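This report refers to the structure that appears directly beneath it.
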Amino acid sequence: MMTSLKRFPIKYIRDFIKKDYKIRDECYVCGGKENLELHHLYGLSELFDKWCISNKISDIDNVEMINQLREKFATDEKDKLSNKNLYTLCKTHHIRLHTLYGQRYPNYLASKIKNWLDIQKEKNGK
């Protein structure tokens, strides 16, 4: 029996890949240890949408299907989803980043955002 989806497919994928995330004990930019959040350089929704298009996947309508797809997606996109592209930021720097680049910025900006993070870190003497 197939179980119908109770939420958007991307939520199942996010839950699956979260198990591999490693939060660090301080903000990448300022070294703060309070109100830490994770920021991935590459937006999961955009990565998954493009992956589905390239794999000719259109209708995801049950949990069994999304569970199979999320493993292949995570493997195929492991470099972009890896911890090297995951930054621990304090809430202040996380908000500042999204204020500058938007809540959901396009993935082609990832290198620009990485550069911004490094510049902010340098300004903070880290």
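Every value quoted in this text rests on a predicted model; they were computed, and no experiment measured them.
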* Quick one: side-chain contact (heavy atoms from CB on, under 4.5 Å) partners of K56, sequence neighbours excluded? ->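 K56 satisfies side-chain contact (heavy atoms from CB on, under 4.5 Å) with no other residue.
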* Asked: Partners of L38 by side-chain contact (heavy atoms from CB on, under 4.5 Å), sequence neighbours excluded?
  ->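 By the side-chain contact (heavy atoms from CB on, under 4.5 Å) rule, L38 matches Y21, I23, L86, T88.
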* Taking a hydrophobic cluster as the set of Ile, Leu, Val, Met, Phe, Trp and Tyr residues connected by side-chain heavy atoms closer than 4.5 Å, whether directly or through intermediates, do Y105 and L100 fall within one such cluster? ->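 Per the 4.5 Å side-chain linkage, Y105 and L100 are co-clustered.
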* Answer yes if I57 and I53 sit in the same cluster of Ile, Leu, Val, Met, Phe, Trp and Tyr residues linked by side chain heavy atoms under 4.5 Å apart, and no otherwise. =>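 No, no single cluster joins them.
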Rounded distance [0.5 Å steps], [atom1] in [X] versus [atom2] in [Y]:
X    : Y    : atom1 : atom2 : value
I10  : S45  : CD1   : OG    : 4.5 Å
L89  : Q120 : CG    : CD    : 10.5 Å
E71  : I66  : CD    : CD1   : 11.0 Å
N124 : E122 : CG    : CD    : 10.5 Å
L117 : L41  : CG    : CG    : 6.5 Å
S82  : H40  : OG    : NE2   : 6.0 Å

* Which heavy atom in D20 sits nearest to a heavy atom in N83, and how many Å separate them? ->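 That would be O-ND2, 2.9 Å.
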* Considering all heavy atoms of both residues, which atom of L109 and which atom of Y101 are nearest to each other, and what is their separation? ->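 Heavy-atom minimum between the residues: CD1-CD2, 4.4 Å.
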So does [Y] get a backbone contact from the side chain of [X], meaning a donor-acceptor N/O pair under 3.5 Å?
X    : Y   : value
N107 : Y42 : no
N85  : L81 : no
H93  : C27 : no

Partners of [X] by ring-ring contact (aromatic ring centres under 6.0 Å, His included), sequence neighbours excluded?
X   : value
F73 : F48, W51
F16 : none
H94 : H39, H98

How would you list all residue pairs meeting salt bridge (Lys or Arg N to Asp or Glu O under 4.0 Å) that involve [range], not counting sequence neighbours?
range            : result
residues 44-55   : E46-K50
residues 87-105  : E37-K91
residues 105-114 : K114-D118

* Hey, does C52 have a side-chain heavy atom less than 4.5 Å from the side chain of S58? ->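 Heavy-atom side-chain distance check fails, nothing below 4.5 Å.
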* To do: State which residues pass salt bridge (Lys or Arg N to Asp or Glu O under 4.0 Å) with D76; sequence neighbours excluded, sorted by chain then number.
  =>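 So D76 forms a salt bridge (Lys or Arg N to Asp or Glu O under 4.0 Å) with K72.
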* **Counterpart residues, salt bridge (Lys or Arg N to Asp or Glu O under 4.0 Å), relative to K33 (two or more places apart)** =>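 Salt bridge (Lys or Arg N to Asp or Glu O under 4.0 Å) check on K33 returns E26.
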* Asked: K121 and side-chain contact (heavy atoms from CB on, under 4.5 Å): which partner among Y28, W116, Y87?
  ->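 When side-chain contact (heavy atoms from CB on, under 4.5 Å) is applied between K121 and each of Y28, W116, Y87, only Y28 qualifies.
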* To do: Could I get the full list of side chain to side chain donor-acceptor pair (under 3.5 Å) partners for K80, not counting sequence neighbours?
  =>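 K80 satisfies side chain to side chain donor-acceptor pair (under 3.5 Å) with no residue once adjacent residues are dropped.
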